[in-house]
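One structure is given here, and the rest of the page talks about it.
Side chains included, hydrogens not; waters and symmetry mates left out as well; all remaining heavy atoms used. Throughout, protein chains are lettered first and strands after them, A, B, ... in sequence-line order, and every chain is numbered starting at 1.
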2 protein chains.
Amino acid sequence: MDLSNPLYKNQGIHVNIVLFTVNNGEIDVLLVKRNNQPFVGQWALPGGAVYNNEDTNDAMNRELFEKTGIKNIDAKVFSVFGNPNRAPQMRMLGIGYIAVIDKSAISFIRKSQKTDDADWFNIDEIPQLAYDHNEMVSKALEYLKQQVWQGGILKTLFPNGVTIPELYEVYSKILGQNLDRRNFRKKLLNDNILQDTEQVVKYKGKKSSKIYKII
Amino acid sequence: MDLSNPLYKNQGIHVNIVLFTVNNGEIDVLLVKRNNQPFVGQWALPGGAVYNNEDTNDAMNRELFEKTGIKNIDAKVFSVFGNPNRAPQMRMLGIGYIAVIDKSAISFIRKSQKTDDADWFNIDEIPQLAYDHNEMVSKALEYLKQQVWQGGILKTLFPNGVTIPELYEVYSKILGQNLDRRNFRKKLLNDNILQDTEQVVKYKGKKSSKIYKII
DNA sequence: TTTTATTTGCGTATTTCTTACGCATTGCAC
DNA sequence: GTGCAATGCGTAAGAAATACGCAAATAAAA
């Protein structure tokens with residue numbers, strides 16, 4: 001590679017994270033409001049440019065922390081966005097990360113110097129976003145649907161235990177269809193990913209239900 | 001992003017393709033011999049640096065063509081290699097592409113100005129490669145194993161039709177285990193991905209077998 | 001207070017998919 | 001010819017997915 005060739009100049013790398021959470025059976029995505037050029041004032045996915053001495057995973061966590069105060073997320077790459085014109089100033093390669101976390105485990109979302117606002121948005125009410133971030137969100141959701149049964153990606157969602165009815169809501173919402181509650185329970189218990197904690201929880205208007213830990 | 005900040009300077013993007021083919025029931029990977037710095041004289045995956053006005057998919061096909069003469073491969077990103085020190089000169093982000101093609105559909109492999117040699121290597125006899133390309137190959141193979149049953153990735157392997165015994169060899173080799181020939185046939189026919197062509201083919205030493213098209 | 005509706009949780013029957021394996025036929029090697 | 005491996009069809013047992021009945025808990029409506 002000839003470093004003096006202008007064809008190789010002015011390329012950057014963007015990392016962005018589509019951070020999902022589940023709230024009352026609704027799927028939310030974390031967005032931040034941009035306060036600098038380009039796309040000032042528009043909502044966007046948390047993320048930013050990677051330093052030249054920085055691993056992309058580290059960059060993703062650094063940008064997430066800087067813009068929202070959230071630390072150490074174990075996210076996975078779900079896609080790469082390689083269109084050279086996806087950013088206006090210069091070529092920015094886009095790396096899309098995805099994770100699902102427990103919102104209540106985050107004490108607060110920090111609105112840093114770098115953002116005017118940060119908040120969770122229902123997946124059905126996402127505004128027009130900066131860059132190609134709307135496309136990123138929909139691709140991430142597709143990926144989530146494919147991955148939801150083969151585990152892993154939901155482990156961090158309920159660090160303090162979960163009931164089967166709660167999991168039922170999450171799966172139904174992600175997959176966009178109503179599963180049979182009785183067969184859903186059977187499959188989960190059969191898959192040996194739930195550990196009985198001997199505890200129960202009682203929500204208003206419902207029967208009390210057992211709390212499990214996801215292994 | 002502050003373009004004058006040295007933290008953002010000297011970043012490049014590498015695309016590399018792990019191009020698999022199947023030969024006599026063996027899995028081969030296409031490698032090229034480097035003839036310029038760094039790693040002169042060492043074998044490597046086809047690929048190279050992305051131009052700043054170029055889509056990454058286009059860059060992958062351009063580099064593949066320049067170095068081997070192979071055109072228009074429909075490859076998928078299987079992983080991103082984001083370690084900032086994976087290339088010696090400067091930070092090069094690595095994008096790993098994967099595809100499986102029919103070797104016989106390629107008239108010849110061109111040894112261009114840019115490479116001293118280009119050849120297929122059996123997956124069990126891959127030499128020490130440039131950069132982190134050995135890791136790329138093994139990650140691509142993992143990805144291939146995961147994806148082999150849910151179709152798509154093998155479609156281009158047999159453009160002129162295929163027999164079930166031929167597919168049996170491919171699947172067995174990729175998955176690294178001997179499947180039951182009779183159940184393998186049943187599953188393929190049941191999955192409705194094979195279209196009977198009413199033709200048969202006869203290989204020396206074997207019974208004649210039906211030719212199917214993969215849909 | 002009684003009734004009604006909803007939710008959790010367990011059980012059972014049916015169907016579909018996977019796995020194991022028997023066997024006739026073809027074709028090469030000897 | 002005999003022997004052996006490959007193709008291709010079939011059947012049976014086992015595992016997994018699906019459909020649905022039903023009892024107990026609970027809250028809200030009558």
Side-chain angles (χ1 to χ4, degrees), chain A residues 22-26 145-151 154 157-158 160-215, chain B residues 22-26 145-151 157-158 160-214:
Chain A
V22 179
N23 196 19
N24 275 339
E26 295 292 311
K145 283 183 192 181
Q146 280 184 356
Q147 299 285 318
V148 73
W149 278 117
Q150 45 212 65
L154 292 183
L157 192 50
F158 300 101
N160 303 314
V162 64
T163 67
I164 291 179
E166 280 167 347
L167 278 174
Y168 173 82
E169 295 302 326
V170 176
Y171 277 69
S172 294
K173 199 72 202 177
I174 289 177
L175 296 172
Q177 56 187 299
N178 280 345
L179 312 164
D180 184 291
R181 298 186 113 92
R182 297 157 291 188
N183 293 330
F184 177 78
R185 162 187 309 278
K186 209 182 315 179
K187 183 164 184 182
L188 277 189
L189 293 175
N190 213 352
D191 283 356
N192 267 14
I193 51 164
L194 295 187
Q195 200 170 39
D196 199 332
T197 64
E198 312 271 326
Q199 293 172 288
V200 290
V201 66
K202 170 89 188 54
Y203 290 109
K204 185 172 158 58
K206 311 203 168 171
K207 277 180 68 173
S208 55
S209 45
K210 290 188 194 174
I211 301 181
Y212 296 88
K213 278 247 178 203
I214 303 180
I215 343 181
Chain B
V22 178
N23 196 21
N24 275 338
E26 294 292 311
K145 283 184 194 181
Q146 280 184 356
Q147 298 285 318
V148 73
W149 278 116
Q150 47 211 64
L157 231 192
F158 302 100
N160 303 314
V162 65
T163 68
I164 291 179
E166 281 167 346
L167 278 174
Y168 173 81
E169 295 302 328
V170 176
Y171 277 70
S172 294
K173 199 72 203 177
I174 290 177
L175 297 172
Q177 57 187 297
N178 281 344
L179 312 166
D180 184 291
R181 296 187 114 94
R182 296 158 291 187
N183 292 332
F184 178 78
R185 162 186 309 277
K186 209 183 315 177
K187 183 164 184 180
L188 276 190
L189 293 174
N190 213 353
D191 283 357
N192 268 14
I193 52 164
L194 296 186
Q195 200 169 39
D196 200 330
T197 64
E198 311 269 326
Q199 293 172 289
V200 291
V201 67
K202 170 87 188 56
Y203 291 109
K204 185 171 157 57
K206 310 203 168 170
K207 282 179 64 171
S208 56
S209 46
K210 290 188 192 171
I211 301 181
Y212 295 87
K213 279 246 176 203
I214 303 181

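Annotation: the span from A:Y212 atom OH to A:E198 atom CD amounts to 10.0 Å, rounded to 0.5 Å. The CD1 atom of A:I211 sits 8.0 Å away from atom CD of A:E166, with the distance rounded to the nearest 0.5 Å. Rounding to the nearest 0.5 Å gives a distance of 16.0 Å between CG of A:N178 and OH of A:Y171. Rounding to the nearest 0.5 angstrom, the gap separating the NZ atom in B:K145 from the CD1 atom in B:I174 is 9.5 Å. In this structure, CD1 on A:I164 lies 12.5 Å from NZ on A:K186, to the nearest 0.5 angstrom.
D:dC20 atom P lies 15 Å from atom CG of A:L179, rounded to whole Å. Computed from coordinates, the B:W149 CH2 to C:dC17 C1' distance equals 13 Å when rounded to whole Å. B:R181 has its CZ atom 16 Å from the P atom of C:dA20, to the nearest Å. Atoms CD (A:Q177) and P (D:dA19) sit 11 Å apart, rounded to a whole Å. Across the protein-nucleic acid pair, B:D180 atom CG and D:dA13 atom P stand 18 Å apart, rounded to whole Å.
Of the candidates C:dC10, C:dT8, D:dG10, C:dC10 carries the atom nearest the A:K210 side chain, counting heavy atoms from C-beta on.
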Mind listing the N/O atom pairs, protein and nucleotides 27-30 of chain C, below 3.5 Å?
from   : atom 1 : to     : atom 2 : distance (Å)
C:dC28 : OP1    : B:K202 : NZ     : 3.2

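Only B:R185, B:K186, listed by number, bring a heavy atom of residues 183-199 of chain B to less than 4.0 angstrom from any atom of DNA chain D.
The side chain of B:R182 contributes no N or O atom lying less than 4.0 Å from OP1 or OP2 of D:dG10.
A:S208 is linked by a side chain to side chain contact (heavy atoms under 4.5 Å, CB included) to A:K202, counting only residues two or more places apart in sequence or in another chain.
Contact detail for A:L194 and A:L189: the closest heavy-atom pair is CD1-CD2, 4.4 Å. Here the closest heavy-atom approach between residue A:V200 and residue A:K210 is recorded as CG1-CA, 4.1 Å.
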